[in-house]
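Reckoned from all heavy atoms, side chains included, excluding hydrogens, waters and symmetry mates.
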Amino acid sequence: MNALFRALFRMFFRINLKALEKIPKKGPYLMMVNHTSALDGPMLYVFLQPMKLVALAKKQLWEKKFTGYVMNSWHSIPVDRENMGRETMEACFSILDHGDTLAMAPEGTRSPDGNLQQGKAGIAYIAHKKQVPMVPVAVYGFNDPSYKKRLFRRRPITIAVGKPFEIIQKGGRLDAAMRQEVIDEIMLRLAELMPKEKRGFYKDHPIEYRLTQTLEEGLPS
């Protein structure tokens with residue numbers, strides 16, 4: 001199935017897959033990805049195989065037989081986008097405890113126009129709780145309106161991978177305000193990888209970090 005998906009992606013899109021070589025193949029870490037299309041997650045998953053990668057996906061995908069089958073095949077974790085419950089949190093912790101990579105969209109839901117939305121603070125809780133590094137991965141091009149009428153041309157898709165980073169505060173607790181500040185810095189890590197016109201909510205935010213720090217030595221490949 002993964003081979004079929006890869007073939008279809010190559011048929012309809014022109015993707016700079018070379019960028020994926022920057023993604024560490026060994027966890028544990030959190031892959032932070034913006035969410036502009038129903039295709040960005042599957043694209044990353046199939047082209048990153050055989051690395052141990054698990055992603056969060058909206059629970060509605062399990063309501064239809066085909067998408068439910070695909071999600072189960074990929075061992076995805078169903079999530080209620082309005083309320084990330086304890087069961088989902090425990091599933092996320094388990095993935096990281098096993099040394100694997102967990103992919104999630106800190107925006108919480110798909111962007112209707114491809115521009116960044118404000119991040120959801122619950123993701124910062126997971127990163128701080130498990131003390132794992134994060135890797136920002138920006139994807140854009142799926143919903144570029146300039147290509148809607150260009151038949152028989154592969155749509156260009158851009159993947160940009162940033163340096164691994166971590167939350168500076170190692171102990172204690174993050175209150176609600178601090179979690180939001182941390183997730184905003186996580187989103188700025190994604191914004192930095194994107195053209196300014198696609199930065200959305202973070203378009204006018206200065207790119208500066210005081211709660212997170214880059215891991216200059218990177219992660220094991």
Side-chain angles (χ1 to χ4, degrees), residues 1-13 15 20 23 27-98 100-127 129-130 134 137-145 147-148 155 157 159 179 183 186-187 190 200-201:
M1 182 175 65
N2 289 338
L4 173 61
F5 276 110
R6 286 193 292 268
L8 291 172
F9 276 117
R10 287 192 173 101
M11 182 182 301
F12 293 104
F13 303 101
I15 310 167
L20 296 181
I23 294 180
Y29 68 86
L30 290 169
M31 185 187 299
M32 298 297 190
V33 188
N34 65 313
H35 191 17
T36 67
S37 165
L39 298 176
D40 43 33
M43 178 194 69
L44 290 173
Y45 184 88
V46 299
F47 283 112
L48 284 171
Q49 292 306 297
M51 72 177 286
K52 294 182 178 180
L53 174 65
V54 176
L56 293 179
K58 64 179 182 180
K59 65 180 184 180
Q60 288 83 356
L61 290 173
W62 277 261
E63 295 174 0
K64 295 182 179 179
K65 288 185 178 181
F66 176 72
T67 53
Y69 169 77
V70 172
M71 292 300 102
N72 286 331
S73 298
W74 291 347
H75 307 290
S76 300
I77 300 173
V79 60
D80 184 339
R81 292 178 297 181
E82 301 301 323
N83 179 29
M84 186 182 291
R86 183 175 182 81
E87 184 176 351
T88 300
M89 287 285 190
E90 293 297 333
C92 292
F93 295 160
S94 178
I95 295 300
L96 298 170
D97 288 341
H98 279 86
D100 297 335
T101 301
L102 178 63
M104 51 179 53
E107 295 165 282
T109 187
R110 190 189 314 169
S111 169
D113 57 8
N115 298 325
L116 290 180
Q117 306 170 97
Q118 187 173 26
K120 304 296 185 183
I123 305 300
Y125 172 80
I126 295 175
K129 174 76 173 178
K130 302 310 294 182
M134 290 165 276
V137 180
V139 178
Y140 51 93
F142 279 115
N143 53 2
D144 186 342
Y147 277 79
K148 285 185 176 179
R155 183 187 298 253
I157 304 298
I159 302 171
R179 287 197 299 271
I183 199 65
I186 291 171
M187 293 302 300
L190 284 169
F201 182 86

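Side chains of I159 and M43 form a contact here, defined as non-hydrogen atoms less than 4.5 Å apart. Using a 4.5 Å heavy-atom threshold, the side chains of T101 and Y29 count as touching. The side-chain heavy atoms of V46 and W74, taken from C-beta on, include a pair separated by under 4.5 Å. In this structure, S37 and N143 have side chains that are not in contact, with every pair of non-hydrogen atoms separated by 4.5 Å or more. When side chains are defined from C-beta on, L30 does not count as touching K130, because their heavy atoms never get closer than 4.5 Å. The shortest distance between side-chain heavy atoms of T88 and D80 does not fall below 4.5 Å. Looking at heavy atoms from C-beta onward, I126 lies in side-chain contact with F93 at the 4.5 angstrom threshold. Taking the side chain as every heavy atom from C-beta outward, I157 and L39 never approach each other to under 4.5 Å.
Residue pairs meeting the salt bridge (Lys or Arg N to Asp or Glu O under 4.0 Å) criterion with at least one member in residues 103-127, sequence neighbours excluded, do not occur.
For the atom pair OG (S94) and CD1 (I77), the distance works out to 8.0 Å, reported to the nearest 0.5 Å. To the nearest 0.5 Å, atom CE of residue M71 and atom NZ of residue K64 are 12.5 Å apart. Interatomic distance, I123 CD1 to M134 CE, rounded to the nearest 0.5 Å: 10.5 Å. Atoms NZ and NE2, from K58 and H35 in turn, are 7.0 Å apart once rounded to the nearest 0.5 Å. Atom CE of M11 is separated from atom CZ of R6 by 14.0 Å, given to the nearest 0.5 angstrom.
More than 12 heavy atoms of other shown residues, nucleotides or ligands fall within 6.0 angstrom of atom CD in Q60. Surrounding OH of Y69 are at most 12 heavy atoms belonging to other residues, nucleotides or ligands under 6.0 Å away. Remark: Y125 OH is loosely packed, at most 12 non-hydrogen atoms of other residues, nucleotides or ligands lying under 6.0 Å away. In K52, the NZ atom is not crowded: 12 or fewer heavy atoms of neighbouring residues, nucleotides or ligands sit closer than 6.0 Å.
N34 contributes a side-chain N or O that, together with a main-chain N or O of V139, makes up a donor-acceptor pair within less than 3.5 Å. A donor-acceptor contact shorter than 3.5 Å links the side chain of T67 to the backbone of L61. The backbone N or O of F201 lies less than 3.5 Å from no partner atom in the side chain of Q118, so there is not a single donor-acceptor pair. A donor-acceptor pair under 3.5 Å links the side-chain atoms of Q49 to the main chain of Y45, judged by distance alone.
Shown here for I23 and M31, the closest heavy-atom pair between the two residues is CG2-CE, 3.9 Å. In terms of heavy-atom proximity, P106 sits nearest to I183 at CB-CD1, 3.8 Å. When all heavy atoms are compared, the tightest approach of P78 to S76 is CD-O, 3.6 Å. For the residue pair M104 and C92, the shortest heavy atom distance occurs at CE-SG, 4.4 Å. When every heavy atom of R179 is checked against every heavy atom of A124, the shortest pair comes out as O-CB, 3.5 Å.
Tested against F13, the residues F5, F47, F142 include a single ring-ring contact (aromatic ring centres under 6.0 Å, His included) partner, F142.
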